[in-house]
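Worksheet: one structure, shown below.
Just so you know, ligand 1 is whichever comes first in the structure, and atom 1 is the first atom listed for that ligand. Because the structure is a prediction, the values reported are computed rather than measured.
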Amino acid sequence: MYYSEIGKIIEAGLDRDREKVKSFAQLLAKKMEADGEVRGSSRITNIINKKNLGRATMDSLVPLPVDQESRMNIVETDYDPQADSLILAEPVQLKLQDFMDTIQNKKRMDDMGLEFSQSLLLYGYPGCGKTTAAAYIASKMHLPLVTARLDTLISSLLGATAKNIHKIFEYAKRQPCVLFLDEFDAIAKARDDQHELGELKRVVNSLLQNIDDYCEDGILVAATNHQELLDNAIWRRFQTVIEMPRPGVLEISKMMEQFPKFVKTSEIKDAQWKKIYQSMSGLSYSDIKKIINNLSKKAILSDAIDLNMENIIAEVYLFKTHGDYSKEEMALFLLESGVPKRRVIAYTGFSRRKIDRFAERMMTDE
Ligand SMILES: Nc1ncnc2c1ncn2[C@@H]1O[C@H](COP(=O)(O)OP(=O)(O)O)[C@@H](O)[C@H]1O
Ligand SMILES: [Mg+2]
């Protein structure tokens with residue numbers, strides 16, 4: 001059941017890699033505890049502590065890789081307990097779950113001679129949860145997330161890039177973790193820059209080589225907003241590919257349940273909520289989160305903590321126009337979103353006649 005961890009510990013012991021022994025022993029203890037093997041787990045923890053290795057987390061044990069010249073860290077490590085609030089459409093959730101299940105059953109697959117690499121590519125529109133999903137996977141698997149942003153890596157000198165890439169993979173191999181390569185398309189985008197072509201090819205090849213080596217054992221997640229930039233050689237590397245789409249009505253409705261408690265929305269009826277969700281279609285999760293924040297902020301500032309339908313839809317309008325706003329257009333947006341005329345009149349202060357004219361215009365536009 002714990003073969004994979006025990007195997008790693010033996011391997012690390014034979015390599016005389018103290019930190020690796022410890023980090024995999026900690027992982028083993030954590031897994032056993034989660035399975036209810038509390039006594040066994042605490043015995044392992046005791047051994048670790050007795051050897052006076054302390055309770056340190058992986059980042060203090062294994063030094064973070066740094067760029068030779070700038071001395072800046074080229075990865076970040078993180079353990080994000082908040083990643084649980086990921087909201088996804090069911091098919092996407094199922095695919096993610098399937099990826100995690102497969103990894104958890106790697107030993108069984110290996111035994112059956114089934115080869116697969118533990119690699120996942122997430123792609124889709126910005127703000128739809130790719131970075132959050134990487135943290136979610138790590139958190140669900142009780143592993144730290146090691147993040148490297150390829151855009152910042154590539155922007156450094158190419159010569160150093162290949163070295164940095166190698167360092168990242170070496171670092172990730174030394175402890176149980178999920179390695180996350182964010183902004184993965186940066187590797188392809190660099191082709192348009194002035195970098196020398198041969199040199200770039202070497203960097204790309206070295207990245208692919210590192211991915212192949214790493215994925216025999218390690219868990220890799222990569223994310224990109226520009227899937228069209230990735231070529232076949234890159235796509236082929238990934239066992240699982242998942243598109244992270246923009247939220248549909250159901251996901252929007254779940255996002256909208258996330259208002260802070262002090263903001264009351266009980267005035268809003270079900271049919272009105274439907275219109276609110278529709279007014280938000282096409283927005284990303286992150287857009288919706290910003291709208292919720294803006295509304296909450298306004299609710300505090302104006303002491304008006306009861307929101308109604310037109311408050312929210314007007315905020316959607318403001319968000320979509322990035323503040324370049326005309327009150328006439330806002331009135332039109334409210335009408336189009338299904339806010340009743342009398343409410344639009346009250347909200348905008350426009351005359352009945354003006355609103356009637358808008359409504360007529362809307363009808364003829366259609
Ligand atoms: N599926 C989601 N469920 C809940 N919140 C989300 C989701 N996707 C994005 N968000 C919110 O939007 C923010 C940005 O998302 P992020 O994961 O960085 O998007 P991406 O990496 O796809 O550009 C996150 O901090 C999170 O709060
Ligand atoms: Mg991201």
query: What class does the angle between the rings of F319 and H322 fall in, given that below 30° is parallel, 30 to 60° is tilted and above 60° is perpendicular?
result: tilted

field: Contact check, C128 vs ligand 1, heavy-atom distance below 4.0 Å
entry: yes

Charged N-O contact under 4.0 Å between K8 and D217: yes

- prompt: Is the F238-Y123 ring centre distance short of 6.0 angstrom?
  reply: no

field: Donor on one side chain, acceptor on other, D110 and Y3, under 3.5 Å
entry: no

query: Is any NZ, NE, NH1 or NH2 atom of the basic residue among E11 and K20 found under 4.0 Å from an Asp or Glu carboxylate oxygen of the other?
result: yes

message: Please check this pair: side chain of D98 against backbone of L94, looking for a donor-acceptor N/O pair closer than 3.5 Å.
response: no

- request: Indicate whether the side chain of D324 and that of T321 have a donor and an acceptor atom separated by less than 3.5 Å.
  value: no

message: The test is salt bridge (Lys or Arg N to Asp or Glu O under 4.0 Å); show your working for E170 and K173 and say whether it passes.
response: CA-CA 5 Å; E170 284 305 306; K173 269 185 212 165; 3.4 Å; yes

- prompt: So, is K130 polar-close to ligand 1, with some N/O to N/O distance under 3.5 Å?
  reply: yes

- prompt: Quick one: nearest non-hydrogen protein atom to atom 12 (O) of ligand 1, plus distance?
  reply: S286 CB, 3.2 Å

- request: Using the side chain to side chain contact (heavy atoms under 4.5 Å, CB included) rule, take S337 and K275 through it: C-alpha gap first, then chi angles, then the decisive distance, then the call.
  value: CA-CA 6 Å; S337 303; K275 290 175 179 163; 5.6 Å; no

- prompt: What about G129: any of its N or O atoms under 3.5 Å from an N or O on ligand 1?
  reply: yes

message: With heavy-atom distances below 4.0 Å as the criterion, list the atoms of ligand 1 near P126.
response: 23 (O)

- prompt: Measuring to the Mg ion (ligand 2), does N225 have an N/O/S atom at a distance below 2.8 Å?
  reply: no

Nearest-neighbour protein heavy atom for atom 6 (C) of ligand 1, which is reported as residue plus atom name and distance: Y285 CB, 3.6 Å

message: Using a 4.0 Å heavy-atom cut-off, which part of M244 comes near ligand 1: side chain, backbone, both, or neither?
response: neither

task: Could you tell me whether I87 and ligand 1 have an N or O pair separated by under 3.5 Å?
output: yes

task: Measure L88 to ligand 1 on non-hydrogen atoms and call it side chain, backbone, both or neither using the 4.0 Å cut-off.
output: side chain

- request: Considering heavy atoms of the protein only, find what lies nearest to atom 16 (P) of ligand 1 and give residue, atom and distance to 0.1 Å.
  value: T132 OG1, 3.6 Å

query: Can you check whether G127 has an N/O within less than 3.5 Å of an N/O in ligand 1?
result: yes

- prompt: M255: heavy atom below 4.0 Å from ligand 1, yes or no?
  reply: yes

message: Tell me whether K130 contacts the main-chain N or O of Y125 through its side chain, where contact means a donor paired with an acceptor under 3.5 Å.
response: yes

- request: Could you tell me the residue and atom name of the protein heavy atom closest to atom 18 (O) of ligand 1, and the distance to it rounded to 0.1 Å?
  value: T131 CB, 3.6 Å

task: Answer side chain, backbone, both or neither: which part of S85 comes under 4.0 Å from ligand 1, heavy atoms only.
output: backbone

query: What protein heavy atom sits nearest atom 27 (O) of ligand 1, and how far off is it?
result: K289 NZ, 2.7 Å

